[in-house]
Amino acid sequence: MLQLIKLQDNFGLEAGGVDLSAPLPDAAFSEIERAFFAGQVLVFRAQQLTAAQFHTFARRFGRPEPHVINQFHHPECADILVLSNVIQDGQPIGLADAGTYFHSDYSYLQVTARCTMLYSLTVPKVGGDTIFADQYTAYDELSAAMKAGS
């Protein structure tokens, strides 16, 4: 059974009680999908996923869009982009500067991404933050003139 806890400032949800490495029945995935759209950000902690398992879960949300930078696609699955600041044998193993500035993934496409999925293997104790912006609240707090484009 999916357990949901509101994150800071009532933006985002932490989901527990589910193992994403196991096949999910349609009813369980539907519950996850509803939680994602309700919370806008959905966090699953302490998951142990292979690249194939992560890809299988991601595909439930729709067809993945491979990143335009081919150099850092995951060796087992080209739909996964590796983000990393690790250097091995003098070469980066992943894209190191992803997220160094505010952006919205694939906002330049005619049909924007339905969602973005991140799976962290190693996170530093300090820094390495990923920050999300609540665009519904941002819009709601605009003046009527600004919403009208005046």
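Just so you know, these numbers use all the heavy atoms, side chains as well, and skip hydrogens, waters and symmetry mates. Just so we're clear, the structure is a prediction, and the values are computed from it rather than from any experiment.
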Please confirm whether Tyr101 and His103 have ring centers closer than 6.0 angstrom. yes
Just by modelled atom types, is the Gln53 backbone N or O under 3.5 Å from a matching donor or acceptor in the Thr50 side chain? yes
Under 4.5 Å between any side-chain heavy atoms of Thr137 and Gln135, yes or no? no
More than 12 heavy atoms of other residues, nucleotides or ligands under 6.0 Å from CZ of Arg114: is that the case? yes
Between the SG atom in Cys77 and the CZ atom in Arg59, the distance rounded to the nearest 0.5 Å is 9.0 Å
Side-chain heavy atoms of Ile32 within contact of Leu20, under 4.5 Å: yes
Answer yes or no: are there more than 12 heavy-atom neighbours, outside Gln3 itself, under 6.0 Å from its atom CD? yes
Side chain proximity check, His74 to Leu81, heavy atoms < 4.5 angstrom: no
Spell out, yes or no, whether Leu95 and Val68 are grouped together once hydrophobic residues are joined by side-chain heavy atoms under 4.5 Å, including indirect joins. yes
Quiz item: cation-pi between Arg60 and Phe29, 6.0 Å / 45°: yes
Looking at Tyr119 versus Phe44, is the centre-to-centre ring distance below 6.0 Å? no
Determine the minimum heavy-atom distance between Pro23 and Pro25, stating which atoms define it. O-CD, 3.7 Å
Check for me, please, whether Phe54 and Leu121 land in the same ILVMFWY cluster - side-chain distances under 4.5 Å, paths through other members count. yes
Which atom pair, heavy atoms only, marks the closest approach of Leu24 to Val18? CD2-CG2, 3.6 Å
Quick check: closest heavy atoms across Pro66 and Tyr106, and the distance to 0.1 Å? O-OH, 3.3 Å
Would a 4.5 Å heavy-atom cut-off, applied to side chains only, mark Ile80 and His73 as touching? no
Quick check: do Pro64 and His55 have side-chain heavy atoms less than 4.5 Å from each other? yes
Ser143 side-chain N/O to Met146 backbone N/O, donor-acceptor pair under 3.5 Å: yes
Going only through I, L, V, M, F, W and Y residues with side-chain contacts under 4.5 Å, is there a path from Phe11 to Val43? yes
Are there over 12 heavy-atom neighbours, none belonging to Tyr136, within less than 6.0 Å of that residue's OH? no
side-chain contact (heavy atoms from CB on, under 4.5 Å) between Tyr139 and Lys147, intermediate numbers included: CA-CA 8 Å; Tyr139 180 80; Lys147 288 178 184 176; 3.6 Å; yes
With the side chain counted from C-beta on, respond yes when Leu7 and Leu13 share a heavy-atom pair under 4.5 Å apart, and no when they do not. no
Decide yes or no for Phe61 and Met117: does some side-chain heavy atom of the first lie under 4.5 Å from some side-chain heavy atom of the second? yes
Do Leu2 and Phe57 share a hydrophobic cluster (ILVMFWY, side-chain heavy atoms under 4.5 Å, transitive)? yes
I'd like to check Phe72 versus Pro92 (side-chain heavy atoms, cut-off strictly below 4.5 Å). Are they in contact? yes
N/O donor-acceptor pair under 3.5 Å between Ser84 side chain and Val86 backbone: yes
Taking all heavy atoms of Leu42 and all of Ala15, pick out the closest pair and write down the distance. CD1-CB, 3.8 Å
